[in-house]
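Reckoned from all heavy atoms, side chains included, excluding hydrogens, waters and symmetry mates.
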Amino acid sequence: MKLLALAATVAVAGFAAPAAPAAAPALRILDDNPLTLRGTGFRPAEAVRVTVRMGPKRWTQAARAGTHGGFTVRFRIRLDYCATPLTISARGALGSRAVARIPIRECAAP
């Protein structure tokens with residue numbers, strides 16, 4: 001009887017164990033013409049505002065994370081890595097945040 005009670009306790013404890021921590025929110029560039037971004041690690045169904053800044057120019061787009069916390073957005077712009085610093089940020093309505101800063105690259109003169 002004690003063995004059965006111990007097995008039941010272990011089984012219940014296994015269900016009560018905390019889930020593994022979710023990955024931190026992150027952004028990845030999938031394509032740069034048109035700019036296509038993949039966000040991961042956001043909260044499920046979280047509303048997210050994605051902003052792209054190239055020098056003085058700024059573009060913003062809304063997205064919603066899926067059930068696993070990911071989303072994809074496309075901007076009708078082409079990245080210019082040579083001219084200005086680039087900052088991409090995503091802010092979720094539930095507090096998730098990710099920022100990617102891409103420095104200016106040294107490019108050959110035209």
Side-chain angles (χ1 to χ4, degrees):
M1 187 68 146
K2 274 188 169 180
L3 185 57
L4 182 58
L6 178 60
T9 303
V10 171
V12 171
F15 287 110
L27 290 168
R28 190 173 88 208
I29 297 174
L30 299 178
D31 196 355
D32 59 3
N33 187 22
L35 175 59
T36 306
L37 303 168
R38 175 79 179 145
T40 57
F42 288 78
R43 295 187 183 181
E46 185 173 22
V48 180
R49 174 137 335 256
V50 182
T51 303
V52 176
R53 288 188 174 100
M54 280 193 303
K57 297 180 182 179
R58 184 175 82 182
W59 298 267
T60 302
Q61 193 168 21
R64 182 162 302 274
T67 57
H68 298 289
F71 63 88
T72 302
V73 292
R74 285 180 186 81
F75 289 85
R76 293 183 179 191
I77 59 174
R78 181 181 181 136
L79 292 185
D80 184 357
Y81 296 103
C82 302
T84 60
L86 172 67
T87 302
I88 303 169
S89 62
R91 291 181 178 234
L94 301 175
S96 302
R97 290 179 52 180
V99 177
R101 289 181 179 85
I102 302 168
I104 299 172
R105 294 183 185 170
E106 290 188 33
C107 299

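Between the CG atom of Leu27 and the CZ atom of Phe42 there is a distance of 5.5 Å, given to the nearest 0.5 Å. A distance of 10.5 Å separates OG1 in Thr51 from CD1 in Ile88, rounded to the nearest 0.5 Å. Between the OG1 atom of Thr72 and the CG atom of Leu37 there is a distance of 9.0 Å, given to the nearest 0.5 Å. Rounded to the nearest 0.5 angstrom, Trp59 CH2 and Met54 CE are separated by 3.5 Å. Put simply, OG1 on Thr36 and CD1 on Ile29 are 10.0 Å apart, with the number rounded to the nearest 0.5 Å. Of the inter-residue distances, the one linking Arg91 atom CZ with Arg97 atom CZ reads 4.0 Å to the nearest 0.5 angstrom.
Proximity of a side-chain donor or acceptor of Arg64 to a complementary backbone N or O of Ala45 within less than 3.5 Å is detected. At least one donor-acceptor pair under 3.5 Å links the side chain of Glu46 to the backbone N or O of Leu94.
Closest approach of Ala90 to Val48, counting heavy atoms only: CB-CG1, 3.8 Å. Residue Gly70 comes nearest to Arg38 through the heavy atom pair C-NH1, 3.6 Å, listed as atom of the first residue, atom of the second, then distance. Smallest separation of non-hydrogen atoms from Pro34 and Arg76: CB-CA, 4.4 Å. A pairwise comparison of heavy atoms in Gly41 and Pro25 identifies O-CG, 3.5 Å as the closest pair.
Other residues, nucleotides and ligands contribute at most 12 non-hydrogen atoms within 6.0 Å of the CZ atom of Arg74.
By the 4.5 Å heavy-atom criterion applied to side chains, Ile77 and Val52 are counted as neighbours.
Both Ile102 and Phe75 are assigned to one and the same hydrophobic cluster, defined by single-linkage of ILVMFWY side chains at heavy-atom distances under 4.5 Å.
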Could you go through the side chain to side chain contact (heavy atoms under 4.5 Å, CB included) check for Val50 and Thr60 one step at a time? CA-CA 6 Å; Val50 182; Thr60 302; over 6 Å; no
